[in-house]
Amino acid sequence: MLDEPISALVGNDLAVISHLRDRAAAFQRALNAAACLQFATVLSPGSDDAHRDHMHLDVMKRTGGYRYCR
């Protein structure tokens, strides 16, 4: 079932997602966006080599309320 294509309507185009890695990447982007709303620093997989397989979340306040999300 997980290998079956998923169809999604995007504007007037039909996008077909057929690979698990595409779904995993979409999940990671959603998780990163949600984390950026709650944490002052978010380093997610792909942000740098040190965080290629995990997320770094930090609540330390930054000057002017600045947030660093990658």
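One finds the NE2 atom of His54 at 10.5 Å from the OG atom of Ser44 (value rounded to the nearest 0.5 Å). How far CZ of Arg70 is from CG of Asp48: 6.5 Å, rounded to the nearest 0.5 Å. Distance check, rounded to the nearest 0.5 Å: CE of Met60 to OH of Tyr68 gives 13.0 Å. To the nearest 0.5 Å, atom CG of residue Asn32 and atom CE of residue Met55 are 4.5 Å apart.
A continuous path of hydrophobic side-chain contacts links Leu31 to Val42 [ILVMFWY only; heavy atoms under 4.5 Å]. Note: the hydrophobic cluster containing Phe39 also contains Phe27 (ILVMFWY, side chain heavy atoms under 4.5 Å, direct or indirect links).
Arg62 and Ala40 get closest at one heavy-atom pair: NE-O, 3.7 Å.
Cys36 is not listed as a side-chain neighbour of Arg67, based on a closest heavy-atom distance of 4.5 Å or more. You'll find the side chain of Gln38 stays beyond 4.5 Å of the side chain of Leu57, heavy atoms only.
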